[in-house]
Amino acid sequence: MSPLTKQKQKNEWLEWLKAILIAIIIALIVRNFIFATSIVDGDSMFPTLKDGERVVFNKFVYMIGEPKRGDIVIIQRPHKNYVKRVIGLPGETIEIQDHVLYINGDEYKQTFISNEAINYTGNFGPIQIPTDSYFVIGDNRAISKDSRNGLGFIDEEDIIGRSELIIYPFSEWSLTR
């Protein structure tokens with residue numbers, strides 16, 4: 001082998017090594033700051049999300065904005081992450097009477113859940129949400145541990161992302177809304 005051929009092979013290996021290193025760095029940045037995955041544990045978001053489904057969530061969206069009503073969010077707690085829907089925003093008053101959700105005294109139509117789920121929503125409140133917190137509820141109202149019964153108000157810094165896409169099982173690929 002000529003010295004020129006050896007040098008060419010060495011350069012080719014260095015180029016491959018650089019490309020692999022750059023790909024790993026990009027993957028780490030995307031994984032840590034933009035998108036991550038989470039596995040749904042339990043039926044509290046049924047039928048929107050089912051137990052065992054893997055969802056991709058967007059971490060970046062709340063670095064530049066704030067959660068909105070209706071967003072399905074990932075809530076980070078010390079021992080477990082939760083997937084819930086944002087219902088109440090900071091400073092609002094939430095009340096549920098006779099299966100009707102009221103926000104600041106006005107009826108709010110919950111178009112994202114079934115009438116059956118609405119009928120399983122018991123009376124609650126009225127309660128005012130602190131200015132730095134959110135009120136979340138699971139779509140499966142009958143069994144959900146949420147702001148009504150165990151999670152309490154959710155601090156903004158505990159919301160680590162918005163669910164965007166179901167990626168597993170493959171037959172269930174869809175956007176989460």
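If you're wondering where the values come from, they're calculated on a predicted model, not measured in any experiment.
Taking hydrophobic clusters as Ile, Leu, Val, Met, Phe, Trp and Tyr residues chained together by side-chain heavy-atom distances below 4.5 Å, Val40 does not share a cluster with Tyr82. Linking ILVMFWY residues whenever their side-chain heavy atoms come closer than 4.5 Å, directly or via other members, leaves Ile113 and Phe46 in distinct clusters. Phe153 and Ile103 fall within the same hydrophobic cluster, where Ile, Leu, Val, Met, Phe, Trp and Tyr residues are linked whenever their side-chain heavy atoms come under 4.5 Å apart, directly or through other members.
Formation of a donor-acceptor pair under 3.5 Å by the Arg141 side chain with backbone atoms of Gly138 is found in this model. Of the possible donor and acceptor atoms, none in the side chain of Asp71 sits under 3.5 Å from a partner among the backbone N and O of Val73. A donor-acceptor pair under 3.5 Å is absent between the side-chain atoms of Glu107 and the main chain of Val100, judged by distance alone. The closest donor-acceptor contact from the side chain of Arg69 to the backbone of Ile87 lies under 3.5 Å.
At least one cation-pi condition fails for Arg162 and Phe57: the charged atom is not both under 6.0 angstrom from the six-membered ring centre and inside a 45 degree cone around its axis.
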request  = May I have the step-by-step check of side-chain contact (heavy atoms from CB on, under 4.5 Å) for Glu156 and Glu66, ending in yes or no?
outcome  = CA-CA 8 Å; Glu156 187 170 2; Glu66 296 177 351; 3.6 Å; yes

request  = Assess whether side chain to side chain donor-acceptor pair (under 3.5 Å) is satisfied between Thr48 and Asp139, documenting all intermediate values.
outcome  = CA-CA 7 Å; Thr48 307; Asp139 287 358; 2.5 Å; yes

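In summary, Asp43 and Lys50 do not engage in a salt bridge, as defined by a charged side-chain N under 4.0 Å from a carboxylate O.
Taking the six-membered ring for Trp, Phe135 and Phe124 have ring centres closer than 6.0 Å.
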